[in-house]
Amino acid sequence: MEQYFTEHDTLAKAIDALISQKYQNQPPANLSEIREENIRKLDNKISLKIFGSLSDEQLQKISSLLDDQENDPTVFQKFFKDAGVNLEQKTSEAIREFSNEFLGGENA
């Protein structure tokens, strides 16, 4: 199974809303491939937004946590808080940027 920074269901809801705007007259069955592809793209955009805000030292530390297969969410929450990264803000920014791109806004 794929690893998602944000929960798959949350990403799916965001993508479903965008797909319903962009492809209003298409049956959902025809869009399953587009849906999954864009869920992955959105997750990547969120990850890049979050990890792109870290210094090299912070990236090494988070890599170490991931290498140790740390899976306690509070460890990661503390790490990002200590690093000064507002996860909600970064996620919102990424979703907003992705939405504009997907719907043909700023970069159309």
Side-chain angles (χ1 to χ4, degrees):
M1 180 158 188
E2 300 253 356
Q3 281 293 78
Y4 291 97
F5 194 85
T6 303
E7 289 184 20
H8 185 271
D9 290 343
T10 302
L11 295 170
K13 287 177 186 175
I15 294 302
D16 288 345
L18 292 172
I19 285 174
S20 70
Q21 289 179 50
K22 187 169 183 169
Y23 303 103
Q24 294 176 6
N25 298 321
Q26 293 287 326
N30 293 350
L31 302 171
S32 62
E33 195 172 308
I34 290 171
R35 180 181 189 258
E36 290 306 314
E37 176 185 338
N38 282 287
I39 288 170
R40 284 188 297 277
K41 285 181 179 180
L42 178 55
D43 186 59
N44 287 339
K45 188 164 200 71
I46 291 169
S47 296
L48 287 171
K49 182 69 85 173
I50 290 169
F51 291 106
S53 63
L54 298 175
S55 69
D56 289 342
E57 183 180 322
Q58 291 167 329
L59 285 170
Q60 288 176 346
K61 185 171 183 177
I62 193 76
S63 290
S64 176
L65 289 173
L66 293 168
D67 288 344
D68 293 343
Q69 298 183 348
E70 179 60 60
N71 58 11
D72 179 359
T74 59
V75 171
F76 291 104
Q77 290 167 352
K78 181 178 179 344
F79 169 83
F80 286 110
K81 183 179 179 187
D82 291 348
V85 176
N86 183 326
L87 296 176
E88 287 182 26
Q89 177 186 10
K90 296 293 182 187
T91 300
S92 294
E93 289 172 9
I95 292 171
R96 191 170 37 256
E97 289 171 13
F98 183 87
S99 296
N100 287 337
E101 293 165 9
F102 184 82
L103 296 174
E106 295 174 355
N107 297 319

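If you're wondering where the values come from, they're calculated on a predicted model, not measured in any experiment.
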J.: Can you name the side-chain hydrogen bond (donor to acceptor under 3.5 Å, both in side chains) partners of Lys45, sequence neighbours left out?
T.: Glu101
J.: Any side-chain heavy atom of Phe98 sitting closer than 4.5 Å to one from Ile15?
T.: yes
J.: Output all residues satisfying side-chain hydrogen bond (donor to acceptor under 3.5 Å, both in side chains) with Ser55, sequence neighbours left out; order by chain, then residue number.
T.: Gln58
J.: Listed by chain and number, what are the side-chain hydrogen bond (donor to acceptor under 3.5 Å, both in side chains) partners of Gln89, not counting sequence neighbours?
T.: Glu93
J.: Which residues pass the side-chain contact (heavy atoms from CB on, under 4.5 Å) test with Thr10, sequence neighbours left out?
T.: Thr6, Glu7
J.: Using side-chain heavy atoms (C-beta onward) and a distance below 4.5 Å, is Phe80 in contact with Ile62?
T.: yes
J.: Is there a side-chain contact between Ile39 and Asp43 in this structure, where contact means two heavy atoms from C-beta onward sitting under 4.5 Å apart?
T.: no
J.: Listed by chain and number, what are the side-chain contact (heavy atoms from CB on, under 4.5 Å) partners of Leu48, not counting sequence neighbours?
T.: none
J.: CZ/Arg96 to OG1/Thr91 distance, rounded to the nearest 0.5 angstrom?
T.: 11.0 Å
J.: Could you work out, with side-chain hydrogen bond (donor to acceptor under 3.5 Å, both in side chains) as the rule, every residue matching Lys41, not counting sequence neighbours?
T.: Glu37
J.: Report the distance from atom OG of Ser20 to atom CG of Asn25, rounding to the nearest 0.5 Å.
T.: 11.5 Å
J.: So, does Ser64 use its side chain to make a donor-acceptor pair with the main chain of Gln60 at under 3.5 Å?
T.: no
J.: Can you sort out the partners of Arg35 under salt bridge (charged side-chain N to carboxylate O under 4.0 Å, His left out), two or more places apart, ordered by chain and number?
T.: Asp16
J.: Which atom names give the shortest non-hydrogen contact between Leu18 and Ser99, and what distance separates them?
T.: CD2-OG, 3.6 Å
J.: For the atom pair CG (Leu87) and CD1 (Ile50), what is the distance rounded to the nearest 0.5 Å?
T.: 5.0 Å
J.: Who are the side-chain contact (heavy atoms from CB on, under 4.5 Å) partners of Lys78, not counting sequence neighbours?
T.: Asp82
J.: List in chain and number order the residues that pass side-chain contact (heavy atoms from CB on, under 4.5 Å) with Ser32, two or more places apart in sequence or in another chain; answer none if no residue qualifies.
T.: none
J.: Could you list all the salt bridge (charged side-chain N to carboxylate O under 4.0 Å, His left out) pairs where at least one residue sits in residues 55-64, not counting sequence neighbours?
T.: none
J.: Can a donor-acceptor pair be found, under 3.5 Å and without considering hydrogens, that links the side chain of Lys22 to the backbone of Phe102?
T.: yes
J.: Would Leu11 and Ile46 satisfy side chain to side chain contact (heavy atoms under 4.5 Å, CB included), going step by step from the backbone distance to the final call?
T.: CA-CA 10 Å; Leu11 295 170; Ile46 291 169; 3.7 Å; yes
J.: Could you check if a side-chain atom of Tyr23 sits within less than 4.5 angstrom of a side-chain atom of Ile34, using non-hydrogen atoms only?
T.: yes
